Amino acid sequence: MVIIRMMMLVVVTATCFLSGCVWHDYNSPKIEGVVIHQGQALAGVKVALDDGSRESVTATTDEQGHFSLNPQGEWSVFIPIGPQDRFLHWSVIIYPTGTEGITGYEGGGIGGFFSGYSSSDRVNLLCDVALVNERADKPQRNWICRAVPAN
């Protein structure tokens, strides 16, 4: 009985590595937040999630400045070739004037086979567009959004 189970495990594992592994993958977590300007909520501001190659999800802030970006997962085939096979990068882009976007926050990482996000992963942001001028001459890492604990 033990030998049969081990053989089945070997066959399933070998098949997975030979044909690639398929799973439902998210390139970013769910992102929620509030856009403010000097403490006042901004309504009607476009906010977008850029997954490194395109704006995949957009939202508009409500009267309280709240937005929610819910990325749709994709079915992916992945063939692992090393300990750090995947690179994930995403950005939250804010359009306070409706024309030019500002990178509010970035996330991502390098990881192995199971390095993607799940549908339950969340990031909560507080974004103050008044910081744009204050941080214009500083490195990109000084985003106008900061992660805050979930309510």
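Quantities reported herein were computed from a predicted structural model and do not represent experimental measurements. Throughout, numbering of the chain's residues begins at 1 and tracks the sequence.
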Exercise. Just by distance, do the side chain of D128 and the backbone of Q38 share a donor-acceptor pair under 3.5 Å?
Worked result: yes
Problem set entry | Path from I36 to I31 over hydrophobic side-chain contacts below 4.5 Å | no
Seminar exercise, completed: Those residues at least two apart in sequence (or on a different chain) that pass side chain to side chain contact (heavy atoms under 4.5 Å, CB included) with S28 are L49, P71, W90
Seminar exercise, completed: To the nearest 0.5 Å, atom SG of C145 lies from atom CD of E106 at 11.0 Å
Exercise. What residues form a side chain to side chain contact (heavy atoms under 4.5 Å, CB included) with R146, not counting sequence neighbours?
Worked result: L126, V148
Exercise. Can you name the closest pair of heavy atoms from S68 and A59 and give their distance?
Worked result: O-CB, 3.5 Å
Exercise. Are I144 and I94 close enough, and set up right, to give a side-chain contact (heavy atoms from CB on, under 4.5 Å), and what steps lead you there?
Worked result: CA-CA 9 Å; I144 63 170; I94 301 170; 4.0 Å; yes
Exercise. At what distance, to the nearest 0.5 angstrom, does CG of N70 lie from CZ of R122?
Worked result: 7.5 Å
Seminar exercise, completed: Scanning both residues in full, the closest heavy-atom pair of P149 with N124 reads C-ND2, 4.3 Å
Exercise. If you group Ile, Leu, Val, Met, Phe, Trp and Tyr by side-chain heavy-atom gaps below 4.5 Å, do V92 and W143 land in one group?
Worked result: yes
Problem set entry | Partner of F67 under side chain to side chain contact (heavy atoms under 4.5 Å, CB included), chosen from D62, T58, V34, V35 | V35
For this session: Hey, could you give me the NZ/CD distance between K30 and E32, rounded to the nearest 0.5 Å?
Result: 4.0 Å
Exercise. Does L125 belong to the same Ile/Leu/Val/Met/Phe/Trp/Tyr cluster as V129, with side-chain heavy atoms less than 4.5 Å apart forming each link?
Worked result: yes
Problem set entry | T61 side-chain N/O to V45 backbone N/O, donor-acceptor pair under 3.5 Å | yes
For this session: Kindly determine whether T60 and V47 satisfy side-chain contact (heavy atoms from CB on, under 4.5 Å), including the steps that lead there.
Result: CA-CA 6 Å; T60 303; V47 180; over 6 Å; no
